[in-house]
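Everything on this sheet refers to the single structure shown next.
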Amino acid sequence: LKVSTEVKALPCRAPAAVAVQRTAEQHTSGPMATSRSSSRPYDIIVFGASGFTGQFVVEEVARTSAEGPKGTLKWAVAGRSRQKLEKVLEQAAAVLSKPEIKSEVDIIVADVGEPDSLASMCKQAVIVLSCVGPYRFYGEPVVKACVENGAHAIDICGEPQFLEGMQLNYNKEAREKGVYVIGSCGFDSIPADMGVIYTRDQFKGTMTAVESFLTISNGPEGGHIHDGTWQSAIYGFADASKLKGLRKKFGHQPLPVTGSKIKRRSALFFSEELQQYAIPFMGADPSVVKRTQRYLYEDLQESPVQYGAYAGVGGMVSVIKLLFAGMLFWILVKFSFGRNLLIKHPELFTFGMVTKDGPTRKQMEQSSFCLTFFGEGYTPEQDPKQGKPNSKIRTQVKGPEAGYVATPIAMVQAALTILNEPQALPKKGGVYPPGAAFAKTSLIERLNKHGIQFSVVGSPGP
């Protein structure tokens, strides 16, 4: 669930030109195809292309098609309705002033309720971009078809139960087949997951803990969240108890803690960092970052970083609204009739923030996000096993409207990274969070070029 409020927070300054050096050590190319061939004619297929978010993913693929391998990209759109897909291509052609889109981009009819159609689609793609949410209802058939038919899968899911369930159920088969299934490649959770990695890489020494603070800024016309995101949040909170049971099945041992243990903040607090009230971030970021840190520790023997995620909510008026809406949400989400009310009347229960039409293009143009990271750790000469952390760093990831501008940018750049840098991916396929999959790639540099900017805004120091 995205937190959206007009804020006057930490200044989101332009990023410094920081070159991030990464190594591909312990990473080699997996055996599955990472370029198109006669048997796989499409580099990318956008599935769910006629959905609210899918239409913007289509535009972003069209906008960046010259960034494919050897400067070209062969792609297609897929979904249940050929007529709707044709309209999406017409819209993209008009928005981008590229009339050739209508004739050059193929249409594939496929339905999550028809496994044979999914299998046929996946056999034709190197990568499938899955835009069919809520993922708990529509996501698994796509993952299953991709793994069984050798296509890499990328989604923009913000539902921890789905993401972790896919890892539990499909990681082994994906690993054996060299297929990469990479979830949460949108605003949930590339800025957070890659932001933690970026902050760690910029830290001189051993970073042990980091907290992130999200602020969303809207223009004069305000901002809206689409109904689909709202539904995902409703079902996610309703099934929160099942997530604990799912996690027990992994049998994970707690990650080791280096330095001071990070302190969990209260449910509502005044943030000195933001100079406004803040709450714990309710999205997938903490879950996704922890999965990446586990991978980096267990597979690459890198020291794990503790993480806490928070979101600014503004002043006292915003707090009162949040408390009222939050209490009502928590009561209603526990019962089926309450969930039906929340789904039928999203505007009523969110003070108009959630709508069935989503934000307008003008609202999206005027919106932006800023994610600020405060990291701490030990300088190179300090032993991390002794004494308290003696160095700090502040970084920022900032970008355009989170849900429907930044999300397509992040998703498409993730796909282009797979196509262009297969040797920098984890050495074996599997189900990965984005930080684990892209830690050794140039994804951050790619995002910097497309308006999602990573920068150091506070030099390390005691």
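This structure is a prediction, so every number in the text was calculated from the model and none was measured.
- Around NZ of Lys321, the count of heavy atoms belonging to other residues, nucleotides or ligands within 6.0 Å does not exceed 12.
- Using a distance-only test at 3.5 Å, with no hydrogens or angles considered, no donor-acceptor pair links the side chain of Gln161 to the main chain of Leu243.
- For the pair Glu159 (side chain) and Tyr135 (backbone), a donor-acceptor distance under 3.5 Å is present.
- Atom CG of Asp193 is separated from atom CG of Asp285 by 8.0 Å, given to the nearest 0.5 angstrom.
- Shown here for Val179 and Ala151, the closest heavy-atom pair between the two residues is CG1-O, 3.3 Å.
- Residues Pro426 and Tyr295 have side chains in contact (heavy-atom distance under 4.5 Å, counting atoms from C-beta outward).
- Applying the ring-ring contact (aromatic ring centres under 6.0 Å, His included) rule to Phe250 yields the partners His252; only residues at least two apart in sequence or on another chain are considered.
- In this structure, Asn171 contributes its side chain and Gly430 its backbone to no donor-acceptor pair below 3.5 Å.
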Derivation of the side-chain contact (heavy atoms from CB on, under 4.5 Å) call for His152 and Val126: CA-CA 6 Å; His152 307 303; Val126 177; 4.2 Å; yes
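- With hydrogens and angles ignored, the 3.5 Å screen pairs a side-chain donor or acceptor of Gln124 with a backbone N or O of Ser120.
- For the residue pair Gln363 and Glu401, no side-chain donor N or O sits within less than 3.5 Å of a side-chain acceptor on the partner.
- Surrounding CD of Glu100 are more than 12 heavy atoms belonging to other residues, nucleotides or ligands, all under 6.0 Å away.
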Full working for side-chain contact (heavy atoms from CB on, under 4.5 Å) between Leu163 and Asp155: CA-CA 10 Å; Leu163 295 164; Asp155 69 45; 4.0 Å; yes
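- For Tyr42 and Asp106, the side-chain atoms include at least one donor-acceptor pair closer than 3.5 Å.
- Between Thr441 and Phe438 the shortest heavy-atom distance is OG1-O, 2.9 Å.
- Taking every heavy atom of both residues into account, Leu419 and Pro422 meet most closely at O-CD, 3.8 Å.
- At least one side-chain heavy atom of Arg446 sits less than 4.5 Å from a side-chain heavy atom of Asn420.
- Each of Phe237, Phe351, Phe335 was checked for a ring pair (Phe, Tyr, Trp, His ring centres under 6.0 Å) with Phe329, and the lone residue meeting it is Phe237.
- Heavy-atom minimum distance, Ser65 versus Lys98: OG-NZ, 4.5 Å.
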Phe281 and Asp188: CA distance, side-chain angles, deciding distance, side-chain contact (heavy atoms from CB on, under 4.5 Å) verdict: CA-CA 11 Å; Phe281 182 68; Asp188 289 333; 3.8 Å; yes
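- A distance of 12.5 Å separates OG1 in Thr72 from CD in Glu67, rounded to the nearest 0.5 Å.
- Met411 has its side chain within reach of Cys131: a pair of non-hydrogen atoms, C-beta onward, lies under 4.5 Å apart.
- A heavy-atom distance below 4.5 Å is not found between the side chains of Val431 and Val143.
- The side-chain heavy atoms of Ile452 and Pro400, taken from C-beta on, include a pair separated by under 4.5 Å.
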Residues Val333, Tyr235; criterion side-chain contact (heavy atoms from CB on, under 4.5 Å); working and verdict: CA-CA 8 Å; Val333 81; Tyr235 292 114; over 6 Å; no
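- By the ring-ring contact (aromatic ring centres under 6.0 Å, His included) test, Tyr170 is found to be paired with no residue, residues two or more places apart in sequence or in another chain being considered.
- For Phe373 and Tyr198, the ring centers sit 6.0 Å or farther from each other.
- Within the structure, the salt bridge (charged side-chain N to carboxylate O under 4.0 Å, His left out) test picks out the following pairs touching residues 161-171 (sequence neighbours left out): Glu164-Arg247.
- Side chain of Arg40 to backbone of Cys122: a donor-acceptor contact under 3.5 angstrom is found.
- With respect to Met207, the side-chain contact (heavy atoms from CB on, under 4.5 Å) criterion is satisfied by exactly one of Arg200, Gln306, Gln202: Arg200.
- Taking all atoms of both residues into account, the shortest heavy-atom contact from Leu85 to Ala49 is CD2-CB, 3.7 Å.
- The residue from His450, Glu60, Lys449 that alone fulfils the side chain to side chain donor-acceptor pair (under 3.5 Å) condition with Gln413 is His450.
- Salt-bridge check for Glu140 with Lys144: failed, with every basic side-chain N at 4.0 Å or more from each acidic carboxylate O.
- No more than 12 heavy atoms of other residues, nucleotides or ligands lie within 6.0 Å of NZ in Lys172, so this atom counts as exposed by the packing criterion.
- The two residues Gly195 and Val397 make their nearest non-hydrogen contact at CA-CG2, 4.1 Å.
- Around CZ of Arg63, the count of heavy atoms belonging to other residues, nucleotides or ligands within 6.0 Å exceeds 12.
- The aromatic rings of Tyr404 and Phe52 lie perpendicular to each other, with more than 60° between the two planes, well past the 30° mark.
- Separating the CD atom in Gln167 from the OH atom in Tyr432 is a distance of 9.5 Å, to the nearest 0.5 Å.
- Between the OG1 atom of Thr64 and the CG atom of Leu73 there is a distance of 7.0 Å, given to the nearest 0.5 Å.
- Summarising the geometry, atom CD1 belonging to Ile182 is positioned 13.0 Å from atom OG belonging to Ser130; distances are rounded to the nearest 0.5 Å.
- Ser442 and Glu421 share a side-chain donor-acceptor pair at under 3.5 Å.
- One side chain, Gln91 or Gln55, offers a donor N or O that lies under 3.5 Å from an acceptor on the other.
- Within the model, atoms CD of Glu302 and CD1 of Ile197 stand 8.5 Å from one another, a figure rounded to the nearest 0.5 Å.
- A donor-acceptor contact shorter than 3.5 Å links the side chain of Ser117 to the backbone of Asp111.
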